[in-house]
Amino acid sequence: MVSLVLTSSDILRALFLALSVVWLLSDLAFAKHAGITRHYKFDIKMQSVTRLCQTKNIVTVNGQFPGPRIIAREGDRLLIKVVNHVKYNVTIHWHGIRQIRSGWADGPAYVTQCPIQTRQSYVYNFTLTGQRGTLFWHAHISWLRATLYGPIVILPKKHASYPFPHPYKEVPVVFGEWWKADTETIINQAMATGGAPNISDAFTINGLPGPSHNCSAKDTFKLKVKAGKTYLLRLVNAALNDELFFRVANHTLTVVEADAVYVKPFKTDIVLITPGQTTNVLLRAKSKTPSAKFAMSARPYATGPATFDNTTTIGILEYEKSASASKSNHKNSPLLKAKLPQFNDSSYAMKFQRKFRSLATAKFPAKVPKNVDRRFFFTVGLGILPCSKNQTCQGPNNTRPAAAVNNVSFVQPNIALLQAHFFNKSKGVYTTNFPTNPPFKFNYTGTPPKNIMLSSGTKVVALAFNTSVELVMQDTSILGAESHPLHLHGFNFFVLGQGVGNFDPKKDPAKFNLVDPAERNTIGVPAGGWVAIRFLADNPGVWFMHCHLEVHTSWGLKMAWVVNDGKGRKQKLPPPPADLPKC
């Protein structure tokens with residue numbers, strides 16, 4: 001009989017081997033559910049583009065307009081190297097991506113990063129956690145997003161299905177806004193003179209204005225469909241300053257997702273989509289091939305007193321003909337028009353927004369914070385500011401139009417807020433005394449007060465990790481009531497309720513939907529009304545919140561939430577990457 005003597009080193013080796021096997025098995029189990037790493041390279045470069053009979057140089061990604069589509073699966077990691085070859089400073093924002101503990105990759109200039117300067121580069125590094133659907137990327141500095149934008153398609157994890165019938169084909173439909181003039185010149189001149197910036201000349205579908213403009217018939221988006229098939233249209237509103245109504249003539253759409261969150265499906269003829277919002281709709285082609293073509297039309301929903309681009313962009317839905325049908329017939333097919341609501345139909349807008357409901361199932365729950373730690377009431381709207389020194393402005397008594405949240409028009413700092421926060425160097429950069437309520441009460445949607453002068457500053461709200469927040473946003477009638485699409489970075493929020501007139505804190509909360517409210521990243525504050533949202537501040541960092549009408553962002557309708565680290569390792573923001581741009 002052989003006696004077996006185990007030394008302590010043998011025992012340690014065996015233990016290490018056993019642990020290695022356990023680690024390997026758990027890693028394999030994790031890998032089965034973890035995504036892959038996808039690499040993209042974005043070269044920011046000038047490109048000559050012709051639209052509306054005019055050629056101009058525009059800022060693009062890789063010479064493409066609109067920019068390239070990013071496609072990935074839930075759980076994937078993205079490494080996107082952005083190289084700046086143009087004279088402008090650039091940043092890219094991955095709109096709607098939660099950026100959990102990856103705030104350094106969020107993208108808004110002077111909020112989470114200094115811009116990428118000419119001949120510099122930066123790698124945006126983030127993971128797509130718990131999200132699937134349509135989002136988009138766009139520049140987040142000055143007005144460069146006029147041409148720097150493209151769709152993000154997040155597919156479900158492998159072997160996971162959609163909670164709706166699987167479409168025959170998926171098609172991105174990205175709405176944009178086109179100016180014949182240079183957009184950087186337009187906003188710079190407006191800021192210098194204190195006037196309103198010039199309105200756009202056209203709207204576009206996938207970069208094309210369509211046949212309602214001179215010499216633009218060849219620049220028309222065409223969607224070819226087969227009879228009886230179902231198509232998933234991934235709608236994105238990348239326009240700068242306009243909410244849009246969209247309709248496909250003689251076809252009904254089924255809304256199945258908004259802002260990369262599945263919704264209870266509902267049928268509609270018309271979709272309203274604000275800048276910053278995305279909406280997935282199913283379009284079921286007719287069972288028999290019709291002889292007509294069908295207009296896919298979009299034009300503005302505009303509520304404010306200012307002038308706006310009242311043009312219509314048109315794409316064409318065509319049915320694939322059988323080989324026996326003659327081509328000549330197809331060319332002469334009539335184009336059926338799509339009837340859209342009046343440009344200021346705010347009652348349609350309110351009714352449409354109320355149709356969105358979360359699935360609220362075991363697989364896709366609506367995790368609405370039931371208890372509220374902190375309540376905020378923000379007015380959002382316009383006002384005036386004194387003209388800068390050595391400047392003459394077009395407003396009364398040398399003032400200029402401005403915009404604010406709770407009467408504070410946000411002043412952009414010279415270094416990024418996130419760096420100042422992370423390295424405890426906030427002094428002289430920002431203060432944490434952003435007002436919880438408006439500085440003075442007035443009849444917000446009635447006759448405006450005599451004094452409409454705003455204050456200005458770089459103020460933020462500081463939140464402890466995991467604070468549950470309830471926020472009511474109230475439009476004001478100062479310089480005209482107007483719908484404001486508010487976008488929150490770093491979080492999705494639940495839309496509990498909305499209404500016309502002034503929010504009533506005694507009566508309105510009783511009507512809040514806490515069961516299956518829509519979960520979004522961008523919501524229209526109704527013209528002359530209010531909207532109430534809740535979110536859980538479970539993502540450490542500095543998170544921008546602003547109106548997604550670019551003119552209002554330029555005028556100061558923006559603020560930021562600073563979410564402090566929690567106690568756990570996974571509740572802290574990691575240090576910045578080595579290549580984070582310097583100011």
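Counting from 1, the numbers follow the sequence of the chain as shown. The structure displayed is predicted, hence computed values, not measured ones.
Aromatic ring centroids of Phe65 and Trp178 lie under 6.0 Å apart. Between Phe126 and Tyr124, the ring centre distance reaches or exceeds 6.0 Å. Separation of the His489 and His546 ring centroids falls under the 6.0 Å cut-off. Not less than 6.0 angstrom separates the ring centroid of Phe434 from the ring centroid of Phe376. Aromatic ring centres of Trp561 and Phe378: separated by under 6.0 Å.
The minimum heavy-atom distance linking Phe491 with Val563 is given by the pair CZ-CG2, 3.9 Å. Here the closest heavy-atom approach between residue Trp543 and residue Gly490 is recorded as CE3-CA, 3.4 Å. Residue Thr60 comes nearest to Gln64 through the heavy atom pair CB-O, 3.4 Å, listed as atom of the first residue, atom of the second, then distance. Nearest heavy atoms, Thr445 versus Gly529: CG2-N, 4.2 Å. The two residues Cys547 and Leu486 have their closest heavy-atom pair at N-CD1, 4.0 Å. For Gly195 against Gln394, the heavy-atom pair with the smallest separation is CA-OE1, 3.4 Å.
When the shell of 6.0 Å around NZ of Lys370 is examined, it contains more than 12 heavy atoms from other residues, nucleotides or ligands. Within a 6.0 Å radius of CZ in Arg73, other residues, nucleotides and ligands contribute more than 12 heavy atoms. Atom NZ of Lys56 is surrounded by more than 12 heavy atoms from other residues, nucleotides or ligands within 6.0 Å. No more than 12 heavy-atom neighbours from other residues, nucleotides or ligands sit within 6.0 angstrom of NZ on Lys367.
Atom CD1 of Ile71 sits about 7.0 Å away from atom OH of Tyr40, to the nearest 0.5 Å. In this structure, Ile80 CD1 and His39 NE2 are separated by 11.0 Å, a value rounded to the nearest 0.5 Å. Atom CG of Asn198 sits about 8.5 Å away from atom OG1 of Thr307, to the nearest 0.5 Å.
Residues Thr274 and Thr522 meet the side-chain proximity criterion, which asks for heavy atoms closer than 4.5 Å. Side-chain atoms of His93 and His487, non-hydrogen and from C-beta on, do get closer than 4.5 Å to each other. His95 is listed as a side-chain neighbour of His548, based on a closest heavy-atom distance under 4.5 Å. The shortest distance between side-chain heavy atoms of Gln419 and Leu580 falls below 4.5 Å. Two residues are said to be in side-chain contact when any heavy atoms from C-beta on lie closer than 4.5 Å; Arg38 and Ile70 fail this criterion. Between Ile154 and Ile97 there is a side-chain heavy-atom pair separated by less than 4.5 Å. Contact annotation: the side chain of Ile533 never approaches that of Arg520 to less than 4.5 Å [non-hydrogen atoms, C-beta and beyond]. In this structure, Phe136 and Val174 have side chains that are not in contact, with every pair of non-hydrogen atoms separated by 4.5 Å or more.
A salt bridge between Asp538 and Arg98 is present, with a side-chain N of the basic residue lying under 4.0 Å from a carboxylate O of the acidic one.
For Ser455 (side chain) and Asn407 (main-chain N/O), a donor-acceptor pair under 3.5 Å exists by modelled atom type. In this structure, Arg101 contributes its side chain and Lys572 its backbone to a donor-acceptor pair below 3.5 Å. Side chain of Asn57 to main chain of Asp182: no donor-acceptor pair is present (N/O by atom type, distance under 3.5 Å, no hydrogens or angles). Here the side chain of Gln474 pairs no donor or acceptor atom with the backbone of Phe377 at under 3.5 angstrom.
Judged by distance alone, the side chains of Thr467 and Asp373 never bring a donor and an acceptor atom under 3.5 Å apart. Side-chain contact annotation: Thr91 with Gln113, donor-acceptor N/O pair under 3.5 Å absent.
Among pairs with a residue in residues 380-426, those fulfilling ring pair (Phe, Tyr, Trp, His ring centres under 6.0 Å) read Trp104-Phe422, at least two apart in sequence or across chains.
Remark: of the listed residues Leu488, Val531, Val469, Leu536, Leu488 is the sole one forming a side chain to side chain contact (heavy atoms under 4.5 Å, CB included) with Phe493.
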